[in-house]
Amino acid sequence: MYQIGTTLTQYIIEEQHTYEGASGHFTGLLNDIATACKKLSGLTRKGALVGVLGAASSENVQGEIQKKMDIISNDVFIEALENNGHVAALASEEMETVYNLKEGKRRGGYLVTFDPLDGSSNMDVNVSVGTIFSVVKAPKGVLNPTAEDFLLPGTKQVAAGYCLYGPSTIMVITTGRGVSMFTLDNSCGEFILTRDDVKIPEDTKEFAINTSNQRHWEAPIQRYIQECVAGKEGVRGKDFNMRWVASMVAEVHRILSRGGIFMYPLDEKMRKSGKEGKLRLLYEANPMSMVIEQAGGLASTGRERILEMQPYALHQRVPVVLGSKNEVQRVIDYHLL
Ligand code: AHG
Ligand code: MN
Ligand code: MN
């Protein structure tokens, strides 16, 4: 446990001391990620004043029209991470293939995968957006890692987290020893520890799912949501509340703050179009699953633990059910029937 008020800089230096033989690169890398997030916090706050709203005239590899901020935030991340010798390569939602460092740049020991701007459709309506990141060790002695080198199960992540650009900017980090929450103090430009060893309540009365897809859902999800909506009069015997922010970062943050369950399940419409889910395994589901599990919650596809999945592609999608332990377990149980 760290003292509330500890700066992120102090925190990551202390964390480094807990690893024997640590070289300082991990510390440097987390600092670089924090720098990128601070820049994005500034840009998202300025919004229209600096011309970052609206669509760009391009599509990403998933066929989604990119927002200007999708491209800008991807560039901000690359710039912050490629110059300090801590990373070997990068991969992101906004880049079709692995980003290898330019010749002559110092290579480091980590691979970073990120969703530079999550919930980007919220940008133009001034609702919360975020950044998600995942860190694994790079293979030794490889100058230009390939996509295969990134295809590791989530259990191999050495750090993961997100930064939420909401009413305040909040960075949430796990290095596998619990979850810590930092709030950006703009007066000194530092992330300050405001909650440590965050734990998610095991029970909840709040669910998050895009109900416009209801007619396509599979039986276990239909049953679970019907029972929630039936409230006090139904088998659950209690009323539920519903939220949908359309930014996974904001949903996960709400769950860390007061419990809840978030679902983006596989449905028949996806199946018919050959999709395996909506959210991406390597830069959305895996890092968020690590955060959720480290906070005592569960993260599953409904059928298997997300963190144990062996990825086969950089932009692979997965069904996601995560949050308060007892609720997620119930959804898993419904899939077993
Ligand atoms: P992104 O903006 O990075 O593409 O991610 C958006 C994701 C996720 O954050 C959110 O939960 C979900 O897509 C929203 O989906 P709907 O458009 O179906 O609401
Ligand atoms: Mn996203
Ligand atoms: Mn995104």
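The basis for the numbers below is simple: all heavy atoms, side chains too, and nothing from hydrogens, waters or symmetry mates.
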Q: Go through the steps to decide whether T7 and Q10 satisfy the test side chain to side chain donor-acceptor pair (under 3.5 Å), and finish with yes or no.
A: CA-CA 5 Å; T7 63; Q10 253 172 300; 3.2 Å; yes

Looking only at atom types and distance, does a side-chain atom of [X] sit under 3.5 Å from a main-chain N or O of [Y], one as donor and one as acceptor?
X	Y	answer
T18	E14	no
Q157	G154	yes
R215	S212	yes
D239	G231	no
T35	N31	yes
R236	C228	no
S92	D115	no
N100	A89	no

Report yes if the side chains of [X] and [Y] come closer than 4.5 Å at any heavy-atom pair, otherwise no.
X	Y	value
L90	V98	no
I200	S324	yes
L40	L117	no
F182	Y11	yes
D333	Q329	yes
W244	E251	yes
L81	Y110	no
Y283	I132	no

(Q) Between N286 and S134, does the side chain to side chain donor-acceptor pair (under 3.5 Å) criterion hold? Intermediate values first, please. (A) CA-CA 8 Å; N286 267 345; S134 160; over 6 Å; no

Restricting to non-hydrogen atoms, name the atom on [X] and the atom on [Y] that form the minimum distance, rounded to 0.1 Å.
X	Y	value
V172	L256	CG1-CD1, 3.8 Å
G178	D197	CA-OD1, 4.4 Å
S289	A285	OG-O, 2.6 Å
R45	N186	NH2-OD1, 3.5 Å
I306	P319	CD1-O, 4.0 Å
A80	A36	CB-CB, 3.8 Å

(Q) Under 4.0 Å between a side-chain nitrogen and a carboxylate oxygen: does that hold for E64 and R280? (A)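 Yes, this pair counts.
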
Q) Does the pair E268/K272 count as a salt bridge with the N-to-O cut at 4.0 Å? A)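 No salt bridge links E268 with K272.
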
**Q.** side-chain contact (heavy atoms from CB on, under 4.5 Å) assessment of R107 paired with N144
**A.** CA-CA 9 Å; R107 263 72 172 160; N144 289 314; 2.8 Å; yes

Tell me whether the count of non-hydrogen atoms from other residues, nucleotides or ligands lying under 6.0 Å of [atom1] in [X] goes above 12.
X	atom1	answer
K199	NZ	yes
Q3	CD	no
K38	NZ	yes
K238	NZ	yes
E103	CD	no
K156	NZ	no

Tell me whether [X] shares a hydrophobic cluster with [Y], the cluster being built from Ile, Leu, Val, Met, Phe, Trp, Tyr side chains joined at under 4.5 Å.
X	Y	answer
L8	M181	no
V198	I255	yes
I78	L43	yes
I292	V318	yes
V135	L281	no

Q: List the steps and the verdict of side-chain contact (heavy atoms from CB on, under 4.5 Å) for S168 and I170.
A: CA-CA 6 Å; S168 36; I170 298 186; 4.1 Å; yes

Checking [Y] against [X]: is there a side-chain donor and acceptor pair closer than 3.5 Å?
X	Y	answer
N213	Y264	yes
S180	Y2	no
T175	E15	yes
N122	S247	no
E82	Y99	yes
E79	N83	no
E94	N60	yes
S120	D70	yes

When rounded to the nearest 0.5 angstrom, what is the spacing between [atom1] in [X] and [atom2] in [Y]?
X	Y	atom1	atom2	answer
R243	R258	CZ	CZ	5.5 Å
R106	H86	CZ	NE2	7.0 Å
H335	E304	NE2	CD	11.5 Å
Q66	I72	CD	CD1	11.0 Å
L279	M248	CG	CE	5.0 Å
Q16	H25	CD	NE2	10.0 Å

Q: Take Y224 and F207, measure what ring-ring contact (aromatic ring centres under 6.0 Å, His included) needs, and give me the verdict at the end.
A: CA-CA 10 Å; Y224 177 77; F207 65 87; 7.2 Å; no

**Q.** Intermediate values then yes/no, side-chain contact (heavy atoms from CB on, under 4.5 Å), C37 and Y165
**A.** CA-CA 9 Å; C37 292; Y165 313 112; 3.7 Å; yes

Q) Run the salt bridge (Lys or Arg N to Asp or Glu O under 4.0 Å) check on K278 and E284 step by step: do they pass? A) CA-CA 10 Å; K278 159 102 183 189; E284 291 177 320; over 6 Å; no

